[in-house]
Amino acid sequence: NGVLGNGYASGTLKPGASVTVKLNNPGIYLLGCAFHYAKLAMRDVIQVSASATPGPTASPGPGGYAVRRHAPLAARHKTNGDASQPHLIDQMGRRFTLQSLGGKALAITFVAAHCDDACPLINAQFSAAARAVAKARIPAQLVTITLDPDHDSPATMRKLAKRFEADPLYWLVAGGKPSDVRAIMHAVGVISV
């Protein structure tokens with residue numbers, strides 16, 4: 001009914017009412033309350049792919065990032081065994097390296113524990129994936145690493161793991177020394193501002 005700015009549409013919803021939104025073009029859409037977007041986190045993200053069919057097929061979460069190819073993490077560090085590799089600390093307090101998880105399919109994501117935007121969506125997706133991996137007994141490991149090692153201590157990441165009921169057999173939620181976390185982020189091309 002109104003326009004907030006270029007690419008932004010607005011309208012009024014009555015309490016308890018719902019709205020149907022038709023998204024015609026592929027892209028990433030941010031939906032939320034103009035008054036409560038930041039403080040009360042009344043927002044969501046929907047990604048529409050070019051191959052989407054009409055109907056409730058949108059998938060949540062930001063995406064569309066170009067895939068970057070990198071040398072294996074081990075090749076980016078001088079290796080004198082496990083000692084020279086960056087270490088992380090999982091929700092059980094165990095030290096590990098990404099190389100120590102070899103032999104399984106590995107999916108890694110980076111989040112900040114204090115993030116209330118896309119990170120909870122990513123955590124929810126990993127939680128569902130971990131349950132599916134466990135149920136199907138797939139030899140895979142999910143790993144969530146902090147994007148903010150200066151503020152997300154291993155204890156903070158342990159609380160995040162508990163909140164999402166992360167089973168360490170399938171999903172490791174980790175922090176570590178800031179220098180080690182940054183080395184891993186650099187090795188895989190992750191930038192946190």
Side-chain angles (χ1 to χ4, degrees), residues 27-30 41 43-49 58-77 85-136 138-193:
I28 297 171
Y29 295 84
L30 304 177
R43 59 183 178 245
D44 205 347
V45 180
I46 296 177
Q47 179 180 352
V48 178
S49 67
S59 61
Y65 302 108
V67 175
R68 295 178 62 184
R69 303 276 181 215
H70 295 281
L73 187 58
R76 295 175 158 258
H77 296 276
Q85 296 299 310
H87 282 78
L88 297 169
I89 301 170
D90 71 13
Q91 66 263 45
M92 304 299 291
R94 299 174 300 198
R95 285 172 45 93
F96 71 98
T97 65
L98 294 180
Q99 288 72 28
S100 70
L101 303 176
K104 294 180 176 181
L106 183 64
I108 302 171
T109 190
F110 294 83
V111 301
H114 51 82
C115 163
D116 62 359
D117 195 280
C119 298
L121 297 172
I122 294 166
N123 290 330
Q125 288 174 334
F126 254 46
S127 179
R131 286 192 304 275
V133 165
K135 184 176 180 179
I138 298 169
Q141 184 72 63
L142 304 175
V143 181
T144 294
I145 303 171
T146 179
L147 272 172
D148 188 3
D150 293 316
H151 297 100
D152 293 345
S153 67
T156 301
M157 297 305 285
R158 184 169 39 253
K159 289 178 187 173
L160 180 68
K162 186 175 182 180
R163 185 165 60 236
F164 284 91
E165 300 176 350
D167 182 343
L169 290 175
Y170 303 99
W171 182 16
L172 300 177
V173 180
K177 289 190 334 189
S179 59
D180 283 350
V181 173
R182 285 192 191 96
I184 292 169
M185 290 170 67
H186 178 72
V188 297
V190 171
I191 298 169
S192 175
V193 178

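As the structure is a prediction and not an experimental result, all values here were calculated from the model. When a residue number appears, it is its place in the shown sequence, counting from 1.
- Between Pro154 and Gly175, the shortest heavy-atom contact is CG-C, 4.3 Å.
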Do any side-chain atoms of residues 158-166 form donor-acceptor pairs under 3.5 angstrom with protein atoms, and if so which ones, sequence neighbours left out?
none

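- For the atom pair NE2 of His87 and OG of Ser100, the computed distance is 7.5 Å after rounding to the nearest 0.5 Å.
- To the nearest 0.5 Å, atoms OG1 (Thr109) and CD1 (Ile122) are separated by 4.5 Å.
- A search for side-chain hydrogen bond (donor to acceptor under 3.5 Å, both in side chains) contacts involving Thr156 returns Ser153, not counting sequence neighbours.
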List the atom pairs, with distances to 0.1 Å, where a side-chain N or O of residues 139-148 and a protein N or O form a donor-acceptor pair under 3.5 Å, not counting sequence neighbours.
| from | atom 1 | to | atom 2 | distance (Å) |
| --- | --- | --- | --- | --- |
| Gln141 | NE2 | Tyr170 | O | 3.0 |
| Thr144 | OG1 | Trp171 | NE1 | 2.8 |
| Thr146 | OG1 | Asp148 | N | 2.9 |
| Thr146 | OG1 | Asp148 | O | 3.4 |
| Thr146 | OG1 | Asp152 | OD2 | 2.7 |
| Asp148 | OD1 | His151 | ND1 | 3.0 |
| Asp148 | OD2 | His114 | NE2 | 2.8 |
| Asp148 | OD2 | His151 | ND1 | 3.0 |

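- For the salt bridge (Lys or Arg N to Asp or Glu O under 4.0 Å) test, no residue two or more places apart in sequence or in another chain qualifies with Arg131.
- Counting only residues at least two apart or in different chains, salt bridge (Lys or Arg N to Asp or Glu O under 4.0 Å) contacts with residues 178-193 comprise Asp150-Arg182.
- Taking CE of Met157 as the reference point, atom CG of Asp90 lies at 11.0 Å (rounded to 0.5 Å).
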Worksheet entry | Check against side chain to side chain contact (heavy atoms under 4.5 Å, CB included), Val111 and Phe126 | CA-CA 11 Å; Val111 301; Phe126 254 46; over 6 Å; no
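- In this structure Pro168 satisfies the side chain to side chain contact (heavy atoms under 4.5 Å, CB included) test together with Gln91, Met92, Arg94, Leu172, sequence neighbours excluded.
- Looking at Ile108 and Leu98, their side chains come closer than 4.5 Å, going by heavy atoms from C-beta outward.
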